[in-house]
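Along the sequence shown, the residues carry numbers beginning at 1.
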Amino acid sequence: MRVLLIEDDELIAHGILAGLRAHNLTVDGVATAALAEAALSTVHWDVVILDLGLPDEDGMSLLQRLRAGGMALPVLVLTARDAVEARVAGLRAGADDYLLKPFDLSELVARLHALLRRAAGRSVDLIEHGALRLDPASGEVSLNGKAVVLSRRELALLAVLLQAHGRILSPDQLKDSLYSFSEEIESNALNVHIHHLRRKLGADVIETVRGVGYRFSMDSA
Ligand code: CA
């Protein structure tokens, strides 16, 4: 899951970025509304965390503009404004959830997973296919009831492939969901992760579609 954090307070941003990375999420942070719009138009994101008090534009008006422009991503709003009116206005502007500062990191993580689950139309936070199970919140994977240990990247790769329900994803789409802007990507890194996943879960789980990309094989498992 790739998360965009829009927050200008360096200390808070740093804490959230480090905390979400520790929870196996791919996350990038921007500090202004202008940078947020640029980031949103560049790569695929799964969920947005938005602080309402930004230096160049009020977060609420940014959100309204993005929604008017057709942005459908789930948005969790962070606010220090404890007034009911502010929350109601935020929900009207298109926020999907709210968190009041200060908040607990584990609560933020739980809510992000809940938002993604809702966006994917799942009622439980578990992705299953045949004998394969993935719990995105805990990062636990099992095959035929046996736990499989995956690295952070392998986990992210498996999640994005499973969530695509057999659709073909290009190498660039896969890399987008695996790496944040600040991370250096080695040219063969994706191949290496796919190789490891096949070794751990079975050679036929990920199908290579030559010249196009990869897809989770819905016939497998
Ligand atoms: Ca702020």
**Q** Atom NE2 in His113, atom CG in Asp46: separation rounded to 0.5 Å?
**A** 11.0 Å

**Q** Which pair of non-hydrogen atoms, one from Ile127 and one from Pro136, has the smallest distance, and what is that distance?
**A** CD1-CG, 3.9 Å

**Q** Is there a donor-acceptor contact under 3.5 Å from the side chain of Arg153 to the main chain of Leu178?
**A** yes

**Q** Taking the hydrophobic residues Ile, Leu, Val, Met, Phe, Trp and Tyr, and joining any pair whose side-chain heavy atoms are under 4.5 Å apart, which ones share a cluster with Val149?
**A** none

**Q** Take Ser177 and Val160 through the side-chain contact (heavy atoms from CB on, under 4.5 Å) test and state the conclusion after the steps.
**A** CA-CA 7 Å; Ser177 52; Val160 71; 3.6 Å; yes

**Q** Check the hydrophobic clustering (I, L, V, M, F, W, Y; side-chain heavy atoms under 4.5 Å; chains of links allowed) and say if Leu52 and Ile16 are grouped together.
**A** no

**Q** Who passes side chain to side chain donor-acceptor pair (under 3.5 Å) against Asp8, sequence neighbours left out?
**A** none

**Q** What pairs meet the side-chain hydrogen bond (donor to acceptor under 3.5 Å, both in side chains) rule with one or both residues in residues 191-202, with sequence neighbours excluded?
**A** Glu154-His196, Glu154-Lys200, Tyr179-His193, Asn191-Tyr214, Arg198-Thr208

**Q** Name all residues meeting the side chain to side chain donor-acceptor pair (under 3.5 Å) criterion together with Arg167; count only those two or more places apart in sequence or in a different chain, and write none if there are none.
**A** none

**Q** Which pairs, with at least one residue in residues 19-30 and sequence neighbours excluded, count as a side-chain hydrogen bond (donor to acceptor under 3.5 Å, both in side chains)?
**A** Arg2-Asp28

**Q** From Leu169 CG over to Leu174 CG, what is the distance, rounded to the nearest 0.5 angstrom?
**A** 5.0 Å

**Q** Which heavy atom of Leu54 sits nearest a heavy atom of Ala31, and at what distance?
**A** CD2-O, 4.1 Å

**Q** What residues, two or more places apart in sequence or in another chain, satisfy side chain to side chain contact (heavy atoms under 4.5 Å, CB included) together with Ser142?
**A** Arg133

**Q** State the CG-CE distance between Leu20 and Met1, to the nearest 0.5 angstrom.
**A** 8.0 Å

**Q** May I have the step-by-step check of side-chain contact (heavy atoms from CB on, under 4.5 Å) for Leu201 and Leu158, ending in yes or no?
**A** CA-CA 10 Å; Leu201 300 174; Leu158 178 63; 3.9 Å; yes

**Q** What distance separates Leu132 CG from Asn144 CG, expressed to the nearest 0.5 Å?
**A** 9.0 Å

**Q** Can you give me the closest heavy-atom contact between Ser217 and His129, atom names plus distance?
**A** O-NE2, 4.0 Å

**Q** Going by an N to O cut-off under 4.0 Å, is there a salt bridge joining Asp9 and Lys101?
**A** no

**Q** Could you go through the side chain to side chain donor-acceptor pair (under 3.5 Å) check for Asp135 and Ser138 one step at a time?
**A** CA-CA 6 Å; Asp135 181 345; Ser138 68; 3.2 Å; yes

**Q** Can you name the residues that form a side chain to side chain donor-acceptor pair (under 3.5 Å) with Ser106, not counting sequence neighbours?
**A** Asp104

**Q** Hydrophobic cluster membership, with links at side-chain heavy-atom distances under 4.5 Å among I/L/V/M/F/W/Y: are Leu161 and Ile194 in one?
**A** yes

**Q** Nearest 0.5 angstrom please: Leu143 CG to Leu134 CG, how far?
**A** 12.0 Å

**Q** Should Leu100 and Thr79 count as side-chain neighbours, where that means a heavy-atom distance under 4.5 Å?
**A** yes

**Q** If you link I, L, V, M, F, W and Y whenever their side-chain heavy atoms are under 4.5 Å apart, who else ends up in the same group as Ile168?
**A** Val209, Val212

**Q** Do you know which two heavy atoms are closest between Pro55 and Thr32, and how far apart they sit?
**A** CG-CG2, 4.0 Å

**Q** Which distance, rounded to the nearest 0.5 Å, do you find between the CE of Met71 and the CG of Leu63?
**A** 6.0 Å

**Q** Passes side-chain contact (heavy atoms from CB on, under 4.5 Å), Leu112 versus Ile49? Steps please.
**A** CA-CA 9 Å; Leu112 291 177; Ile49 305 171; 3.9 Å; yes

**Q** Quick one: ring-ring contact (aromatic ring centres under 6.0 Å, His included) pairs with a partner in residues 26-54, sequence neighbours left out?
**A** Trp45-Phe181

**Q** Regarding Asp96 and Arg67, does a basic nitrogen lie under 4.0 Å from an acidic carboxylate oxygen?
**A** yes

**Q** Could you see if Leu150 belongs to whatever hydrophobic cluster contains Val205? Use Ile, Leu, Val, Met, Phe, Trp, Tyr and a side-chain cutoff under 4.5 Å.
**A** yes

**Q** Checking side chain to side chain contact (heavy atoms under 4.5 Å, CB included) between Val48 and each of Leu76, Leu66, Leu40, which is the one that passes?
**A** Leu40

**Q** Pairing donors with acceptors under 3.5 angstrom, does anything connect the side chains of Ser180 and Glu183?
**A** yes

**Q** Closest approach of Leu105 and Gly19, non-hydrogen atoms and distance?
**A** CD2-CA, 3.2 Å

**Q** Can you sort out the partners of Glu107 under side chain to side chain donor-acceptor pair (under 3.5 Å), two or more places apart, ordered by chain and number?
**A** Arg111

**Q** Test of understanding: clusters of I, L, V, M, F, W, Y form through side-chain heavy atoms closer than 4.5 Å, transitively. Do Val75 and Ile12 belong to the same one?
**A** no

**Q** Should Ile6 and Val27 be regarded as members of a common hydrophobic cluster, given that ILVMFWY residues are connected when their side-chain heavy atoms come within less than 4.5 Å of each other, either directly or indirectly?
**A** no

**Q** Applying ring-ring contact (aromatic ring centres under 6.0 Å, His included), which residue pairs with at least one partner in residues 141-161 are found, sequence neighbours left out?
**A** none

**Q** How would you list, by chain and number, every residue that makes a side chain to side chain contact (heavy atoms under 4.5 Å, CB included) with Arg65, sequence neighbours excluded?
**A** Glu37, Glu57, Leu62

